[in-house]
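Read the structure below first, then the notes.
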Amino acid sequence: MPEFQSVRGFHDLIGEEAKKFRAVCDLIKRKLALYNFEEIVLPVVEFLEVFQRSIGEATDIVQKEMFAFQDKKGRWLALRPEGTAGAVRAYVQNRLYAIKPYAKLFYEGPMFRHERPQAGRYRQFHQIGAEVFGSIEPVVDAEVIHLVHEILSELNLKAVIEINSIGCKVCRPDYREALKQHLNKVEGQLCEVCLDRKDRNPLRVLDCKVPTCKEAVRDAPKMVDFLCNECREHYSKLKEYLTALSVPFQENPHLVRGLDYYTKTVFEAVSTELGITLIAGGRYDYLVEELGGPPTPAIGFAAGVERLYMLLKEIQPEEPLYMVIPFGDVVDYALLVVKALRSEGKRVELSYKRAGLKKQLELANKLGCRYAVLIGEEEKEGGFYTLKDMETGQQVRVEFTPAL
RNA sequence: GAGAGCGUAGCUCAGCUGGCAGAGCAGUGGACUGUGGAUCCACGGGUCGCGGGUUCGACUCCCGUCGCUCUCCCCA
């Protein structure tokens, strides 16, 4: 056991893992650019209240998963547990609503949640999130979910996209009541946690995994049957558009999200392989106003980078690697060859091992080089280098005149 | 917050009902100082997670502790 170790739930990404991590980020960012999302670089720390107000006081994230601390003036700050709250705060603070009719923003970076680590769950993890502010049109929801679908299929990951509508200020209270009444009837079957949730946050009972709760909730009234005209219309338009786009989706009337700010559309992309959520999001039409901005409908999603890259099988092969091998008193000449090759855009490793040709070829092999560039006295004097193909073993003489 | 499993070489792991700490891979060196890949030979490498207990003797048994992994809760 080493004397110093990384903190629980905080990990180093090395070699292949780091490459996969980058591959996922790069792909998603390329996609976001095609949809014309603009990057916003956000702080990792916000005032605690930003999260309490947006995520919701009663949620697990706020109640027990935040890295919260006081600064020197005694103000409560927190490491961000998710990105939307900060994005909304920035949108309001910088009055982005005054610049364009609507805004499409994305962010990436680490998020922090103080919970027990396990497969696909870390205390520091990374998300790439995107938010659209300022449009209530269901076509926006469709575009966002389409984007999620494209990301998944380009990464070659199998997942089902589940969607639901959880209504708005107008219709949700009625549903809540109806659901509560149903839950009271089946009280006896509910687990301990759900008994507590029943009055505080009855919707959450819907996606409890305890078998008896699932049973109890089977015949519960469904939100979709209680939607007001506006929400019903919104939801059916969304489905219509998704179908037109050939985005496969599955309606899940029990899909509820753990954050309070959601309204209308919610969705989740669940890995068929691992059963964990890869990408999730939804509409949050009151949050901007809640954080002090003008009434502004919005929708967004967040992709869990670790969860995506851990499922990645293969990544793009890298550029072929050249190793320049000087043997004898020819380092000065070798340096010029290295410089010239790199200026041609080639990926070049100069051998840092002072040894004979044999040892250095071994090294080139270990580092996975495609080509070795052999440089001895002969090459230096003759003004050339010997290019060796490490796969075929063939060698060619390449004339070389150092640029001045 | 609740539960389970595991900590032995850089890595993967053996090590029996207590009796000298092991293998494979990796690494380093070498007949070969201008030719590599699964050729051969040699070598280095350990607080057996840590602390205590039982014992003539503990990697092994017991207690504690720390760490890792996984599951539940919840979530990306």
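Letters go in sequence order (proteins before strands), and every chain restarts at 1. As the structure is a prediction and not an experimental result, all values here were calculated from the model.
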Q) Which value, in whole Å, describes the distance between the C1' atoms of nucleotides B:rC72 and B:rC56? A) 48 Å
Q | OP1 or OP2 of B:rU71 under 4.0 Å from side-chain N/O of A:Q118 | A | yes
Q. What distance, rounded to whole Å, do you find between the two P atoms, one in B:rU60 and one in B:rG7?
A. 12 Å
Q | Backbone N/O of A:L311 and side chain of A:K313: donor-acceptor pair under 3.5 Å | A | yes
Q: Could you label the plane-to-plane angle of the A:H146 and A:H149 rings as parallel, tilted or perpendicular, counting under 30° as parallel and over 60° as perpendicular?
A: parallel
Q) Whom does B:rU65 pair with, Watson-Crick or G-U wobble, provided both distances fall under 3.5 Å? A) B:rG49
Q: Report the distance from atom CD of A:E268 to atom P of B:rA76, rounded to the nearest whole Å.
A: 7 Å
Q | Separation of B:rC73 C1' from A:Q63 CD (nearest whole Å) | A | 13 Å
Q.
Please give the distance between the P atoms of B:rG27 and B:rA38 as a whole number of Å.
A. 11 Å
Q: Classify the nucleic acid contact of A:A364 as base, sugar-phosphate or nothing, counting any heavy atom under 4.0 Å across all strands shown.
A: nothing
Q.
Checking base pairs now: Watson-Crick or wobble, both atom distances under 3.5 Å. What partners B:rA21?
A. none
Q. Are A:R232 and A:E230 within salt-bridge range, i.e. N to O under 4.0 Å?
A. no
Q) Across all strands, who's sitting opposite B:rA31 as a Watson-Crick or G-U wobble pair, both distances under 3.5 Å? A) none
Q.
Within this structure, what is the CD-CZ distance for the pair A:E306 and A:R121, rounded to the nearest 0.5 Å?
A. 13.0 Å
Q | Shortest side-chain distance from A:Q5, nucleotide among B:rA76, B:rU69, B:rG67 | A | B:rG67
Q.
Students often get this wrong, so: under 4.0 angstrom with heavy atoms, is A:G129 touching a base, only sugar-phosphate, or nothing?
A. nothing
Q: Nearest 0.5 Å please: distance from the CG atom of A:L155 over to the NZ atom of A:K31.
A: 10.0 Å
Q.
Whole angstroms only, please: what is the CD1-C1' distance between A:I14 and B:rG10?
A. 12 Å
Q | Nearest-angstrom distance, P atom, B:rC48 to B:rA42 | A | 28 Å
Q.
So A:L259, base contact, sugar-phosphate only, or nothing? Heavy-atom distance under 4.0 Å.
A. sugar-phosphate
Q. Does B:rU71 have a Watson-Crick or wobble mate here (both distances under 3.5 Å), and if so which one?
A. B:rA2
**Q.** For B:rA26, the Watson-Crick or wobble counterpart (both distances under 3.5 Å)
**A.** none
**Q.** Inter-nucleotide P distance (B:rG52, B:rC59), Å rounded
**A.** 13 Å
Q) Roughly how far apart, to the nearest Å, are B:rG1 and B:rC74 at atom C1'? A) 11 Å
**Q.** Between C1' of B:rC72 and NZ of A:K64, the distance in whole Å
**A.** 11 Å
Q) What is the distance, rounded to the nearest whole Å, between atom CG of A:L311 and atom P of B:rA76? A) 16 Å
Q: Encode nucleotides 1-6 of chain B as B, S and - characters from 5' to 3', where the letter depends on protein heavy atoms closer than 4.0 Å: B to the base, S only to sugar-phosphate, - to neither.
A: BBB---
Q. Any cation-pi pair here, A:K264 with A:Y235, using under 6.0 Å and within 45°?
A. no
Q: Please determine if A:E319 and A:R370 form a salt bridge, counting it only when a charged side-chain N lies under 4.0 Å from a carboxylate O.
A: no
Q. Do A:Y371 and A:Y322 have their ring centres less than 6.0 Å from each other?
A. yes
(Q) Measuring only the P atom in each nucleotide, how far is B:rA21 from B:rA58? A whole number of Å is fine. (A) 11 Å
Q. Starting at CZ of A:F4 and ending at P of B:rG67, how long is that distance when rounded to a whole Å?
A. 15 Å
Q | A:M66 CE - B:rC74 P separation (whole Å) | A | 18 Å
Q. Can you tell me the Watson-Crick or wobble partner of B:rU54, both distances under 3.5 angstrom?
A. none
(Q) Both distances below 3.5 Å, Watson-Crick or wobble geometry, any strand: find the nucleotide opposite B:rA38. (A) none
Q.
Counting the benzene-type ring for Trp, do A:F106 and A:F37 have ring centres under 6.0 Å apart?
A. no
Q | B:rU8 to B:rG51 separation - P atoms, rounded to the nearest Å | A | 16 Å
Q: Using the ring of A:Y333 (Phe, Tyr or Trp, six-membered ring only), decide whether A:K380 places NZ or CZ under 6.0 Å from its centre and within 45 degrees of its axis.
A: no
Q) For A:F400 and A:F384, what are the C-alpha separation, side-chain angles and deciding distance, and is it a ring-ring contact (aromatic ring centres under 6.0 Å, His included)? A) CA-CA 5 Å; A:F400 175 70; A:F384 67 99; over 10 Å; no
Q: Mind calculating the distance between CG (A:D12) and P (B:rC68) to the nearest angstrom?
A: 12 Å
Q: Kindly confirm or rule out a cation-pi arrangement of A:R123 over A:F10, judged by NZ or CZ under 6.0 Å from the six-membered ring centre and within 45° of its axis?
A: no
Q: Quick one, give me the B/S/- string for nucleotides 25-38 of chain B, reading 5' to 3', where B means a protein heavy atom under 4.0 Å from the base and S means that only happens at the primed atoms, P, OP1 or OP2.
A: --SS---B-BBBB-
(Q) Categorize A:Y122 for me: base, sugar-phosphate, or nothing, with a 4.0 angstrom heavy-atom threshold over every strand shown. (A) base
